[in-house]
Amino acid sequence: QVQLVESGGGLVQAGGSLRLSCAASGRTFTLNPMAWFRQSPGKERDLVATINSGGITYYSDSVKGRFTISRDNAKDTIYLRMSSLKPEDTAVYYCAADSQTDDGMTYVAPEYNYWGQGTQVTVSS
């Protein structure tokens, strides 16, 4: 079956760092846009970062300069490196993928059709 599985969440102190991983199985997503979202209690799910097949990235203003999204095609995996973590970064982080490939040249806002189960990130003050 097609699956996206997140890992790497945990409890960290404010100012610390963490790396999340999202491994795909069942099909390849190396040519597809992928993204990280997060959701905190009482809030709607928010886009954190995206990456297309050409490595073009987008970040929300709240994480820009602190988070880095990347992908490893050989492993069919995307990552989210988080640094300078703040308590407001506490959330369940979800990996998502578009079912359609992109051209790798331009940024698009795809519809994300596949979702992981989420991994909890808690940042203590």
Side-chain angles (χ1 to χ4, degrees):
Q1 322 307 318
V2 176
Q3 290 189 2
L4 300 174
V5 180
E6 303 97 333
S7 62
L11 174 65
V12 298
Q13 299 253 357
S17 300
L18 206 61
R19 188 184 75 163
L20 307 182
S21 300
C22 172
S25 63
R27 63 156 291 178
T28 181
F29 290 98
T30 57
L31 298 179
N32 301 56
M34 298 189 71
W36 288 96
F37 290 78
R38 66 185 182 185
Q39 186 169 24
S40 300
K43 299 180 181 179
E44 294 186 351
R45 185 172 55 200
D46 292 328
L47 177 66
V48 175
T50 67
I51 185 166
N52 78 352
S53 65
I56 298 173
T57 59
Y58 167 84
Y59 298 92
S60 67
D61 289 341
S62 62
V63 307
K64 192 172 185 178
R66 299 188 297 119
F67 291 12
T68 302
I69 187 172
S70 62
R71 65 197 308 164
D72 184 337
N73 289 343
K75 297 181 179 179
D76 212 347
T77 299
I78 67 166
Y79 304 93
L80 185 68
R81 281 189 166 87
M82 304 179 291
S83 62
S84 301
L85 283 163
K86 306 174 181 179
E88 52 262 45
D89 294 319
T90 295
V92 177
Y93 284 71
Y94 297 92
C95 174
D98 194 338
S99 63
Q100 300 183 29
T101 61
D102 64 42
D103 63 8
M105 299 295 293
T106 58
Y107 172 79
V108 297
E111 295 184 353
Y112 294 100
N113 312 106
Y114 297 96
W115 294 84
Q117 83 286 357
T119 185
Q120 177 72 48
V121 173
T122 302
V123 183
S124 64
S125 59

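Counting from 1, the numbers follow the sequence of the chain as shown. These numbers come from a predicted model, not from an experiment.
Once rounded to the nearest 0.5 Å, the distance linking OH of Tyr94 with CZ of Arg45 reads 7.5 Å. For the atom pair CG (Asn52) and OG1 (Thr57), the distance works out to 8.5 Å, reported to the nearest 0.5 Å. Atom-to-atom distance recorded for Tyr93:OH and Asp46:CG is 10.0 Å, nearest 0.5 angstrom.
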Before you tell me yes or no, could you show the steps for Ser53 and Asp102 under side-chain hydrogen bond (donor to acceptor under 3.5 Å, both in side chains), namely the whole-Å CA-CA distance, both residues' side-chain angles and the distance that decides it to 0.1 Å?
CA-CA 6 Å; Ser53 65; Asp102 64 42; 2.3 Å; yes
For a side-chain contact (heavy atoms from CB on, under 4.5 Å) check, start with the C-alpha distance between Leu20 and Trp36, then their side-chain angles and the critical distance, and finish with the verdict.
CA-CA 10 Å; Leu20 307 182; Trp36 288 96; 3.7 Å; yes
Before giving the answer on side-chain contact (heavy atoms from CB on, under 4.5 Å), spell out for Val48 and Phe67 the whole-Å C-alpha distance, their side-chain angles and the decisive distance to 0.1 Å.
CA-CA 9 Å; Val48 175; Phe67 291 12; 3.7 Å; yes
Could you please spell out the steps behind the side-chain contact (heavy atoms from CB on, under 4.5 Å) verdict for Leu4 and Met34?
CA-CA 11 Å; Leu4 300 174; Met34 298 189 71; 4.0 Å; yes
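Listed by first and then second residue, the ring-ring contact (aromatic ring centres under 6.0 Å, His included) pairs involving residues 43-62 are Tyr58-Tyr107 (not counting sequence neighbours). For residues 4-32, the pairs satisfying ring-ring contact (aromatic ring centres under 6.0 Å, His included) are Phe29-Tyr114, with sequence neighbours left out.
Using a 4.5 Å heavy-atom threshold, the side chains of Ile78 and Cys22 count as touching. No side-chain heavy atom of Ser17 sits less than 4.5 Å from a side-chain heavy atom of Val12. For the pair Arg38/Asp89, a side-chain contact is recorded, criterion being any heavy-atom separation below 4.5 Å from C-beta on. Ile56 has its side chain out of reach of Ile51: every pair of non-hydrogen atoms, C-beta onward, lies at least 4.5 Å apart. The shortest distance between side-chain heavy atoms of Leu85 and Leu18 falls below 4.5 Å.
Annotation: Glu88, atom CD; neighbour count of heavy atoms from other residues, nucleotides and ligands within 6.0 Å is above 12. Around CD of Gln100, the count of heavy atoms belonging to other residues, nucleotides or ligands within 6.0 Å does not exceed 12.
Between the side chain of Glu6 and the backbone N or O of Gln117, at least one donor-acceptor pair lies under 3.5 Å. Between the side chain of Arg27 and the main chain of Gln3, no donor-acceptor pair closer than 3.5 Å is present. Formation of a donor-acceptor pair under 3.5 Å by the Asn32 side chain with backbone atoms of Ser99 is found in this model. For the pair Thr30 (side chain) and Thr28 (backbone), a donor-acceptor distance under 3.5 Å is absent. In this structure a side-chain-to-backbone donor-acceptor pair under 3.5 Å is present from Arg66 to Ser84. Side-chain atoms of Ser40 come within 3.5 Å of backbone atoms of Thr90 as a donor-acceptor pair (strictly under, hydrogens ignored). The closest donor-acceptor contact from the side chain of Asn73 to the backbone of Asp76 lies at 3.5 Å or more, if one exists at all.
Centroid-to-centroid, the aromatic rings of Trp115 and Phe37 come within less than 6.0 Å.
The shortest heavy-atom contact between Ser124 and Leu11 is CB-CD1, 4.2 Å. Between Ala49 and Leu80, the closest heavy-atom pair is CB-CD1, 4.4 Å. Nearest approach of Val121 to Met82, heavy atoms of both residues: CG2-CE, 4.0 Å. Val92 and Gln120 get closest at one heavy-atom pair: CG2-OE1, 3.2 Å. Residues Ala35 and Leu47 share a closest heavy-atom pair of CB-CD1, 4.0 Å.
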